[in-house]
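Structure first, then comments.
Just so you know, residue 1 is the first one in the sequence shown, and it goes up from there. Here the structure is a predicted model, which means the values were calculated and not measured.
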Amino acid sequence: MLFQVEMTVLLPPEMPAERAAEIKAAEKAYAQDLQRQGKWRHLWRVAGSYANVSIFDVEDNAELQEIVGNLPLFPYMQVSVKPLCRHPSAVREDDS
Ligand SMILES: O=C(O)C[C@H]1C=CC(=O)O1
């Protein structure tokens with residue numbers, strides 16, 4: 001199942017820079033592992049914001065919840081999720 005996930009990161013200004021750097025490094029490793037597994041299919045920066053638009057390819061809602069809930073930055077994010085399905089006018093055969 002495909003989902004569009006939008007994440008906006010809102011780190012507390014009082015968080016020490018070293019702690020923020022640790023969480024961001026853990027987030028990067030986690031995100032890159034999921035991309036290599038094919039579960040985090042697209043990751044785009046929203047220009048001008050500390051936010052991203054992502055496409056996840058997971059088994060079901062429960063797997064998406066587990067993945068997103070385990071993001072190291074999850075406690076500091078606003079997350080919105082939209083389920084996706086194939087558009088009837090889509091021409092790419094290798095995408096569903
Ligand atoms: O930077 C972000 O958008 C937040 C998060 C998503 C992937 C990652 O490495 O950090």
Side-chain angles (χ1 to χ4, degrees):
M1 295 174 71
L2 295 173
F3 293 91
Q4 177 189 303
V5 179
E6 296 189 32
M7 307 175 202
T8 301
V9 182
L10 301 159
L11 287 173
E14 66 274 15
M15 180 181 281
E18 301 77 29
R19 179 66 189 132
E22 271 174 21
I23 299 172
K24 288 179 194 177
E27 177 88 10
K28 182 173 184 174
Y30 183 70
Q32 292 188 334
D33 181 49
L34 288 163
Q35 287 171 78
R36 291 189 186 100
Q37 290 179 47
K39 292 184 184 292
W40 194 327
R41 213 180 295 164
H42 291 274
L43 171 57
W44 295 96
R45 175 63 75 221
V46 179
S49 305
Y50 192 4
N52 70 73
V53 173
S54 293
I55 304 294
F56 284 84
D57 187 354
V58 293
E59 282 303 311
D60 53 23
N61 294 10
E63 187 180 16
L64 183 74
Q65 175 62 31
E66 186 185 329
I67 286 172
V68 172
N70 283 319
L71 289 166
L73 281 170
F74 181 72
Y76 312 105
M77 280 177 169
Q78 285 177 350
V79 180
S80 74
V81 175
K82 293 177 184 161
L84 303 176
C85 60
R86 187 173 174 81
H87 193 286
S89 304
V91 296
R92 284 185 56 162
E93 293 301 329
D94 61 342
D95 215 359
S96 59

For the atom pair [atom1] ([X]) and [atom2] ([Y]), what is the distance rounded to the nearest 0.5 Å?
X     : Y     : atom1 : atom2 : answer
Thr8  : Leu73 : OG1   : CG    : 12.0 Å
Glu22 : Glu18 : CD    : CD    : 8.5 Å
Ile67 : Ser54 : CD1   : OG    : 11.0 Å
Tyr30 : Asn70 : OH    : CG    : 4.5 Å
Leu43 : Gln32 : CG    : CD    : 9.0 Å
Glu6  : Met77 : CD    : CE    : 12.5 Å

(message) side chain to side chain contact (heavy atoms under 4.5 Å, CB included), that's the test. Do Leu71 and Met7 meet it? Break it down for me.
(response) CA-CA 11 Å; Leu71 289 166; Met7 307 175 202; 3.8 Å; yes

(message) Heavy-atom count check: over 12 atoms from other residues, nucleotides or ligands less than 6.0 Å from Glu59 CD?
(response) no

(message) Is it the case that over 12 heavy atoms from other parts of the model lie below 6.0 angstrom from the CD atom of Gln35?
(response) yes

(request) Could you tell me whether a side-chain N or O of Arg45 sits under 3.5 Å from a main-chain N or O of Ala51, the two making a donor and an acceptor? (result) yes

(message) As a quick check of understanding, evaluate side-chain hydrogen bond (donor to acceptor under 3.5 Å, both in side chains) for Gln65 and Asn61, giving each step before the final call.
(response) CA-CA 6 Å; Gln65 175 62 31; Asn61 294 10; over 6 Å; no

(message) Does His42 form a side chain to side chain contact (heavy atoms under 4.5 Å, CB included) with Gln4? I'd like the steps, not just the answer.
(response) CA-CA 9 Å; His42 291 274; Gln4 177 189 303; over 6 Å; no

(message) Against Phe3, only a single residue in Val81, Val68, Asp57 fulfils side chain to side chain contact (heavy atoms under 4.5 Å, CB included); can you say which?
(response) Val81

(request) Identify the two heavy atoms, one from Lys39 and one from Glu63, that lie closest to each other, and give their separation to 0.1 Å. (result) NZ-OE2, 2.6 Å

(request) Compare all side-chain heavy atoms of Phe74 with those of Val79 and state whether any distance is below 4.5 angstrom. (result) yes

(request) Report the C-alpha separation of Trp40 and Val5 in whole Å, then their side-chain angles, then the decisive distance to 0.1 Å, and conclude whether the side chain to side chain contact (heavy atoms under 4.5 Å, CB included) test is met. (result) CA-CA 10 Å; Trp40 194 327; Val5 179; over 6 Å; no

(message) Clusters formed by hydrophobic residues whose side-chain heavy atoms approach within less than 4.5 Å: which one holds Val91, and what are its other members?
(response) none

(message) If hydrophobic residues (ILVMFWY) are linked whenever their side-chain heavy atoms come closer than 4.5 Å, directly or via other members, who joins Leu84 in its cluster?
(response) Leu2, Ile55

(message) Check for me, please, whether Trp44 and Tyr50 land in the same ILVMFWY cluster - side-chain distances under 4.5 Å, paths through other members count.
(response) no

(request) List for me each residue that meets side chain to side chain contact (heavy atoms under 4.5 Å, CB included) alongside Met15, sequence neighbours excluded, and say none if there are none. (result) Leu11, Pro12, Arg19, Ala20, Ile23, Tyr76

